Amino acid sequence: MSAERLKNYINGAWVEAAGSDSLEIENPSTGAILGSVPLSTEADVDAAVSAARQAFPGWSSTPVSRRIKSLYKLVELLKQNEKNISRVLVEEMGKSLPDAAAEVKRALENTEVACGMPTLQQGDKVVGCADGIDGETLRLPVGVFAIISPFNFPAMVPFWFLPYALATGNTVVLKVSEQDPRTFNLIAEYIDQIGLPPGVFNMVHGDKQVVEALLDHPVIKGVSFVGSSRVAGLVMEKCAAARKRCQSMGGAKNHLVAMPDAKVSEVVRNMITSCYGCAGQRCMAASAIVGVGDAMYETICREFIAASKKVLISDPLDPAVADEAMVLGPVISARSKAFIQDMIETGVNEGATLALDGRNVSVPGCEKGHFIGPTVFTDVKPGMEIHRTEIFGPVVVILKAADLDEAIKIINDHQYGNGASIYTQNGYYARRFKLETECGMIGINVGIPAPVAYLPFGGMKDSLYSDIKAQGKSVINFFTEEKIVTERYWGEEG
Ligand code: NAD
């Protein structure tokens, strides 16, 4: 892929954006410029939505068994090109190559699940609701959907929605993050080869102007959004006002609770990958650890800090580390790095102990990269700003709780409720944690409890501003309209 300005994909063709403004796309490890992304305008959005609207009648009436044939081809192309996609992803996003490969695999698995749509989209039928009367539920496609995705999983997040929207018979306009758009641009080159009729899938590049145009467009029937809670809230409000369907997934602050009986050596290794993988920029990354009881709090502080000091910090494309899953790469941008540094300063000012400071880390040969080393605060009290805020970097806060009740209270009092995990061998503690913790995704001795593709993915509270999660059965409900038919026929004698 060359370092040129990306094009939009509209009506089955690659087209220049109407607007002339662009943003540079940067390699966050080296600062090298990889290309530029157009800041498309309302006119570009309108062209994409019009194409999707025109494609809808033909695509929605194509038998589902035929619709999924294209998705089978996409599965094959994703498999064949996994390495290529992963490399482009790492270049512009900065996670490790094994992490990128795992992300592409999850995209592929979502496509595989959507290939089951002839079964998944089935309705219900009651024979005999009354004398000679049958009742039937049909699950029908709805129309044109917008999908808007964040920077941290540029390949996977669109796949939480896209294959399901297409397989159920809808048409789509996708807007990926302007910070790392080359990954999906490449995937769109494969989508171009799977035989979808023109207009069924469209992609418009840009920033919030594109999002606003999509939200304001009267033809768009529903929006799947993933990003920060601030924007997720705006998206939800706009969709509600315009009476569009909406699933809007926001930020997170995920807690890991170490009970007094936790297996410390296993637990610390598990915590390290959860907290520092993807430089702490996963929505399921843990960033708050709760040690239960004085002894476990002291042990976790000591062992976690010792392990944090050993984390490998590097450009993930350096051949020396390319196979290492746990490489701490850069954060996405200079802006993000400045925000994280400010938050570290805030933690110091509000009285937490900065036990490990990653601010002055340097990576030889990557002087222009946006690196922050593992950073750990101890003596953190619930409600401190470094505990409340999603820092979205390799910064971990460690809190102490007297018992399980207090640990659960710390989590439940928090505004976010995406994921939380408990480390224990005790079934009673685990069961209570599972039932009482107000988070959408729970781990028991699992540091990143991200559900597999055939189960729903999504949080609670400020992590999800809708009652519909991604993936699984939920998303099929989102992309289909239930129509209920009550029918009877009179016989000749009637
Ligand atoms: P972001 O909110 O800045 O951007 C997300 C999308 O919204 C992008 O496509 C962007 O162009 C657009 N956007 C940004 N500002 C906008 C505005 N003012 N109006 C309209 N559109 C706007 O998020 P990000 O920094 O790209 O991604 C990181 C965030 O996403 C984190 O908060 C992370 O927790 C969250 N996230 C959540 C999940 C989840 O499952 N809940 C998954 C992945 C990421």
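It should be emphasised that the depicted structure is a prediction, and the values quoted were computed from it without experimental measurement. Atoms within a ligand are numbered from 1 in the order they appear, just like the ligands themselves.
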**OP:** Starting from atom 36 (N) of ligand 1, locate the nearest protein heavy atom and write down its residue, its atom name and how far away it is, to 0.1 Å.
**Re:** Cys283 CB, 3.7 Å

Original post:
Going by atom types only, do Asp180 and Thr183 share a side-chain donor-acceptor pair under 3.5 Å?
Top reply: no

**OP:** Look at atom 19 (N) of ligand 1 and say which protein heavy atom is nearest, naming residue and atom and giving the distance to 0.1 Å.
**Re:** Lys208 CB, 3.4 Å

**OP:** Give a yes-or-no answer on whether the side chains of Glu385 and Thr346 include a donor-acceptor pair shorter than 3.5 Å.
**Re:** no

Original post:
Which ligand 1 atoms are under 4.0 Å away from a heavy-atom of Phe225?
Top reply: 5 (C), 6 (C), 7 (O)

**OP:** Give the residue and atom name of whichever protein heavy atom lies nearest to atom 28 (C) of ligand 1, and the separation in Å to one decimal.
**Re:** Phe392 CE2, 3.6 Å

Subject >> Identity and distance of the protein heavy atom lying nearest atom 35 (C) of ligand 1 >> reply: Gly227 O, 3.1 Å

Original post:
Purely on distance, is any nitrogen or oxygen of Ser228 under 3.5 Å from one on ligand 1?
Top reply: yes

Original post:
Hey, does the side chain of Asn202 reach the backbone of Val172 with a donor-acceptor pair shorter than 3.5 angstrom?
Top reply: yes

Original post:
If you measure only the distance, is there a donor-acceptor pair under 3.5 Å linking the side chains of Tyr9 and Asp192?
Top reply: yes

**OP:** Could you go through the ring pair (Phe, Tyr, Trp, His ring centres under 6.0 Å) check for Phe304 and Tyr276 one step at a time?
**Re:** CA-CA 12 Å; Phe304 184 77; Tyr276 300 129; 5.8 Å; yes

Subject >> Sub-3.5 Å N/O-N/O distance, Gly250 and ligand 1 >> reply: yes

Subject >> Residue part near ligand 1, for Ile148, under 4.0 Å between non-hydrogen atoms >> reply: side chain

Subject >> Atoms in ligand 1 with a heavy atom of Val211 nearer than 4.0 Å >> reply: 12 (C), 20 (C), 21 (N)

Original post:
Is the closest N or O pair between Met249 and ligand 1 shorter than 3.5 Å?
Top reply: no

Original post:
Quick one: which ligand 1 atoms are inside 4.0 Å of a heavy atom on Ser149?
Top reply: 6 (C), 8 (C), 9 (O)

Original post:
Hey, does the side chain of Glu345 reach the backbone of Gln341 with a donor-acceptor pair shorter than 3.5 angstrom?
Top reply: no

**OP:** Please check if any side-chain donor atom of Arg5 sits under 3.5 Å from a side-chain acceptor atom of Ser22, or the reverse.
**Re:** yes

**OP:** Answer with side chain, backbone, both or neither: which part of Phe153 has a heavy atom less than 4.0 angstrom from an atom of ligand 1?
**Re:** neither

Original post:
Which protein non-hydrogen atom lies closest to atom 15 (N) of ligand 1, naming both residue and atom, and how far is it?
Top reply: Val231 CG2, 3.5 Å

**OP:** Check ligand 1 against Gly251 and write out every atom of the ligand that is under 4.0 Å from a heavy-atom position of the residue.
**Re:** 32 (O), 34 (O)

**OP:** With the side chain counted from C-beta on, respond yes when Ile305 and Thr378 share a heavy-atom pair under 4.5 Å apart, and no when they do not.
**Re:** yes

Subject >> Sub-3.5 Å N/O-N/O distance, Glu390 and ligand 1 >> reply: yes

**OP:** Return yes if a side-chain donor-acceptor contact under 3.5 Å exists between Glu42 and His217, otherwise no.
**Re:** no

Original post:
Are any of the N or O atoms of Glu212 closer than 3.5 Å to those of ligand 1?
Top reply: no

Original post:
Which residue supplies the protein heavy atom nearest to atom 26 (O) of ligand 1, what is that atom called, and how far is it?
Top reply: Phe151 N, 3.1 Å

Subject >> Within reach of ligand 1, part of Glu178 (heavy-atom separation under 4.0 Å) >> reply: side chain

Original post:
Do we see a donor-acceptor contact under 3.5 Å between the side chains of Tyr164 and Asn110?
Top reply: yes

**OP:** Starting from atom 27 (O) of ligand 1, locate the nearest protein heavy atom and write down its residue, its atom name and how far away it is, to 0.1 Å.
**Re:** Pro150 CB, 3.2 Å

Subject >> Contact check, side chains of Pro154 and Glu103, non-hydrogen atoms, under 4.5 Å >> reply: yes

**OP:** Compute whether any side-chain donor of one residue and acceptor of the other, for Asp462 and His414, lie under 3.5 angstrom apart.
**Re:** no

Original post:
Do Asn254 and Arg282 meet the criterion of a side-chain donor-acceptor pair at a distance under 3.5 Å?
Top reply: no

Original post:
Does even one non-hydrogen atom of Trp160 get within less than 4.0 Å of ligand 1?
Top reply: yes

Original post:
Hey, which atoms in ligand 1 end up nearer than 4.0 Å to a heavy atom of Lys175?
Top reply: 8 (C), 9 (O), 10 (C), 11 (O)

Original post:
If we only count N/O pairs under 3.5 Å, is Val157 in contact with ligand 1?
Top reply: no

Original post:
What do the steps show when you test Phe161 against Phe478 for ring pair (Phe, Tyr, Trp, His ring centres under 6.0 Å), and what is the final call?
Top reply: CA-CA 10 Å; Phe161 314 106; Phe478 184 68; 7.8 Å; no

Subject >> Ser229, any N or O under 3.5 Å of ligand 1 N or O >> reply: no

**OP:** Decide, yes or no, whether a salt bridge links Arg106 with Glu112 under the criterion of side-chain N to carboxylate O below 4.0 Å.
**Re:** no

Subject >> Asn152, portion touching ligand 1 at heavy-atom distance under 4.0 Å >> reply: side chain

Original post:
How does Asn418 reach ligand 1, by side chain, by backbone, by both or by neither, if only non-hydrogen atoms under 4.0 Å count?
Top reply: side chain

